[in-house]
Each structure stands twice: as C-alpha cells, then as structure tokens.
Amino acid sequence: MITLAPNIYILQYLEGTAQLTPTIRQTATGYLQSDFLCFQNQVITNARSCLRLVVGNLGNTYTTALLAYTFSLAGETSTRAQLLTALNNVAISEGNKLHWSQTSSGDTLAVEISSYVLLAVLSVQPLTTTDLSYANRIVNWLVAQQNPYGGFSSTQDTVVALHALSLFAAKVFSLEGSSTVTLQSSMAGEVYNLSCLLHQVACFYNIPTPIRVSRTLGVEVKVARDCRVRGDDLLLNITVT
C-alpha cells in the first residue's frame with residue numbers, strides 16, 4: 001500500500017490548491033488503479049500459497065469446506081479435487097440426502113458446512129450429470145432443514161444456504177428440454193403440469209360415506225398353449241364379471 005500513498009497525497013495537494021485539472025485527475029486515477037491491482041494480485045497470490053500449505057493437514061470439516069469453495073473460485077482444480085475427496089470421505093449419507101457436520105451427532109454448523117460444499121461442487125464449468133446428482137443430494141438435505149419461513153437456525157447459515165440453493169436453482173434451470181417426474185403421496189391430491197410441475201395435496205372434509213353395493217369384481221384367467229409354433233406361446237384370456 002505504500003506505493004499508493006504518494007499519488008493519493010499529490011492528488012489531495014493539487015485539489016486543495018485548485019491545481020487539479022481533469023487530465024491530471026484521470027492520469028493519477030489510472031496510476032492508482034494499476035498500483036492497486038498489482039497489490040491486490042500479490043496479496044491473493046501470497047494468501048493462496050499460504051493456504052495451500054495446510055490443505056493436506058486439515059482436521060476441521062468447516063475449514064475444509066470453506067477452502068474447497070475458495071479454491072473452486074480460484075480455479076485451482078487439483079487442490080479443489082483433493083479437498084472435495086477429503087470431504088466426501090467424511091460425508092454423512094442418508095438415503096438420497098448428503099450432508100456434513102463437525103460431530104457425528106450433528107451441530108449448528110452442519111447447514112453452513114454443507115452449503116459451502118454445495119457451492120464448491122457447483123463452482124466449476126462445465127457441470128457434469130454426476131456433479132448435479134451429487135449436488136442434488138446435498139440440496140435434498142438442506143431443504144429438509146428449513147424452518148416454516150424458509151430460513152435456517154441462524155442468520156449466518158441462512159445467508160450461506162440460500163446462496164448455495166439459489167446457485168443450484170440457476171444451474172439446473174433450462175427453458176428447453178423435458179423432464180420426467182414421479183410423485184408419490186399417501187394422501188389424495190392432484191398434479192398439474194403447466195410447463196413446470198406443481199404438486200398440490202388437498203384435504204377434503206364432510207365427504208359422504210360411500211354407499212355399499214353388492215357388486216363384486218371377479219377375474220377369471222384361462223391359459224391356453226398353441227403347440228403349432230416352437231417355444232412356449234401362452235395366451236391369457238381374462239374375463240371380468
């Protein structure tokens with residue numbers, strides 16, 4: 001930052017003595033921007049070199065997830081892959097859900113850690129089907145942790161989680177193509193399809209008791225074999241009464 005000080009002080013002096021012309025201001029601003037970018041790039045380079053030294057010696061899941069996202073943004077694919085492999089080894093898998101925690105019994109950092117892993121997985125181009133399937137399992141767990149208002153246990157994890165979920169929504173969004181969705185529900189409901197999927201479950205009250213009738217359903221199956229052709233050729237005749 002010491003290299004920026006002379007230009008700043010000179011600008012202040014020229015402005016205070018009414019000697020600062022538009023040309024001088026533009027030239028000095030250009031110098032300041034150039035010096036700042038060089039300084040910023042050096043700081044980032046030094047910081048990444050420092051962080052790289054501890055990548056292989058991490059025992060903290062939160063730090064590992066945060067670094068995985070950091071190196072994903074930096075475009076360091078090898079370091080990112082190393083961190084994601086370490087995270088995958090300690091992931092907590094529950095069916096179609098996947099998440100991370102500092103302890104085996106769970107903790108308040110679980111949402112934030114899992115969100116950083118999701119951000120790291122999604123912060124690469126191009127995303128493969130495998131990447132999206134992996135990310136989808138994390139999303140399944142995250143949305144199950146949301147409270148009735150859409151947030152999470154704290155402001156911090158809510159901000160990080162919503163960032164990760166919105167990034168996932170943007171990655172999977174498409175105006176073209178088609179999808180097949182299978183829904184299962186133990187309650188009566190209706191499904192509407194209007195270029196997107198809306199699953200609505202309705203509860204009905206005061207419905208008259210169905211009238212009992214004496215009709216019954218009977219199914220009669222007859223099996224016949226045609227011996228004129230090779231192999232087994234079975235014909236089923238079904239009669240419903």
Side-chain angles (χ1 to χ4, degrees), residues 54-73 77 79-174 177-189 191 193 196-203:
V54 300
V55 165
N57 197 21
L58 289 173
N60 186 291
T61 307
Y62 180 88
T63 305
T64 306
L66 191 57
L67 285 178
Y69 180 42
T70 300
F71 283 104
S72 295
L73 293 177
T77 55
T79 306
R80 171 185 179 271
Q82 181 181 352
L83 290 165
L84 287 179
T85 299
L87 287 167
N88 189 60
N89 292 335
V90 296
I92 302 171
S93 178
E94 301 172 345
N96 67 339
K97 299 182 179 68
L98 195 67
H99 75 284
W100 287 261
S101 176
Q102 286 283 69
T103 62
S104 57
S105 59
D107 55 67
T108 56
L109 289 175
V111 168
E112 194 173 347
I113 295 172
S114 302
S115 299
Y116 278 127
V117 177
L118 178 58
L119 287 168
V121 171
L122 296 175
S123 298
V124 65
Q125 290 294 340
L127 282 172
T128 64
T129 303
T130 302
D131 293 330
L132 291 176
S133 298
Y134 192 84
N136 187 64
R137 296 184 65 197
I138 305 174
V139 171
N140 288 340
W141 184 85
L142 283 175
V143 296
Q145 312 309 310
Q146 287 182 287
N147 59 40
Y149 302 101
F152 295 86
S153 60
S154 69
T155 301
Q156 175 70 15
D157 61 14
T158 297
V159 170
V160 180
L162 292 182
H163 179 198
L165 291 174
S166 62
L167 180 60
F168 177 79
K171 295 292 185 181
V172 299
F173 177 78
S174 175
S178 60
S179 301
T180 300
V181 180
T182 303
L183 295 177
Q184 294 180 343
S185 175
S186 59
M187 300 176 62
V191 177
N193 188 3
C196 61
L197 183 64
L198 169 64
H199 182 209
Q200 179 178 351
V201 177
C203 293

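Along the sequence shown, the residues carry numbers beginning at 1.
- Taking the side chain as every heavy atom from C-beta outward, Trp141 and Leu98 never approach each other to under 4.5 Å.
- Ser114 and Leu142 make their closest contact through CB-CD2, 4.2 Å (heavy atoms, listed as atom of the first residue, atom of the second, distance).
- The structure places OG of Ser123 at 7.0 Å from NZ of Lys171, a figure rounded to the nearest 0.5 Å.
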Tabulate below the donor-acceptor pairs under 3.5 Å that side-chain atoms of residues 84-92 make, not counting sequence neighbours, or state none.
unit_1: Thr85; atom_1: OG1; unit_2: Ala81; atom_2: O; d: 2.8
unit_1: Asn88; atom_1: OD1; unit_2: Tyr134; atom_2: OH; d: 2.8
unit_1: Asn89; atom_1: ND2; unit_2: Thr85; atom_2: O; d: 3.2

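- Note that CG of Leu127 and CD of Gln125 are 5.5 Å apart. Values are rounded to the nearest 0.5 Å.
- Side-chain atoms of Tyr69 and Leu83, non-hydrogen and from C-beta on, never get closer than 4.5 Å to each other.
- Counting only distance, with no hydrogens or angles, the side chain of Arg80 and the backbone of Leu73 share no donor-acceptor pair below 3.5 Å.
- Atom-to-atom distance recorded for Leu162:CG and Gln146:CD is 6.5 Å, nearest 0.5 angstrom.
- Side chains of Gln102 and Tyr62: a donor-acceptor N/O pair is absent below 3.5 angstrom, by distance only.
- A search for side-chain hydrogen bond (donor to acceptor under 3.5 Å, both in side chains) contacts involving Thr70 returns nothing, not counting sequence neighbours.
- Pairing each heavy atom of Leu132 with each of Phe168, the nearest pair is O-CE1, 4.2 Å.
- Between Asn136 and Ser133, the side chains place no donor N or O within less than 3.5 Å of an acceptor N or O (distance only, hydrogens not considered).
- A heavy-atom distance below 4.5 Å is found between the side chains of Ser93 and Arg137.
- Although no hydrogens or angles enter the test, the distance criterion places a donor-acceptor pair under 3.5 Å between the side chain of Asn140 and the main chain of Asn96.
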Please report, to 0.1 Å, the donor-acceptor pairs under 3.5 Å made by any side chain of residues 115-122, with sequence neighbours excluded.
unit_1: Ser115; atom_1: OG; unit_2: Val111; atom_2: O; d: 2.7

